[in-house]
Amino acid sequence: MLELPQFFAVVNALALPMFGLWALLSTKLSVGDALRRAERRFLIALVIISLVTLRTVMRLDDVWLIHTLTLASMVLGVFTVPSREGALAI
């Protein structure tokens, strides 16, 4: 059975990447007014993930690489993942 510190370590390693992926995909899949809200959520998520990554690297936690890769994928994903804003409705 998982103890409480182990449970928090698993949540720390899995929740942050899922949060970042959700914020990125919601920005890329939204159109119109929903896109503006999604962009605000993305910026808030980017700030939160940046601060958590900074804390993780400073403390030399075991998940520093996962958090750094999550932050990098969010920054690069803005440029590489195509958005639906310019898509034509058929």
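This structure is a prediction, so every number in the text was calculated from the model and none was measured.
Note that CD1 of I48 and CZ of F19 are 4.5 Å apart. Values are rounded to the nearest 0.5 Å. Distance CG/L24 to CE/M74: 6.5 Å, rounded to 0.5 Å. Taking CG from L76 and CG from L69, the interatomic distance works out to 10.5 Å, rounded to the nearest 0.5 Å. Atom OG of residue S73 and atom CD1 of residue I49 lie 8.0 Å apart, to the nearest 0.5 angstrom. Between T56 atom OG1 and D62 atom CG the span is 10.5 Å, to the nearest 0.5 Å. One distance of note links CH2 of W22 with OG1 of T27; it measures 8.5 Å at 0.5 Å rounding.
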Could you go through residues 34-42 and list every donor-acceptor pair under 3.5 Å that involves a side-chain atom there, pairing it with any protein atom two or more places apart or in another chain?
none

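Counting all heavy atoms, side chain and backbone alike, K28 lies closest to G77 at CE-O, 3.7 Å. Between L46 and L71 the shortest heavy-atom distance is CD1-CD1, 3.8 Å.
Residues satisfying the side chain to side chain contact (heavy atoms under 4.5 Å, CB included) criterion with A13, sequence neighbours excluded, are V63, I66. With sequence neighbours left out, V57 forms a side chain to side chain contact (heavy atoms under 4.5 Å, CB included) with T53, W64, T68.
Grouping the Ile, Leu, Val, Met, Phe, Trp and Tyr side chains by contacts below 4.5 angstrom, directly or via other members, places V75 with I44.
Residues L43 and V47 form no side-chain contact, since every pair of their non-hydrogen atoms from C-beta on lies 4.5 Å or further apart.
Looking only at distances, no side-chain donor or acceptor of H67 sits under 3.5 Å from a matching main-chain atom of R55.
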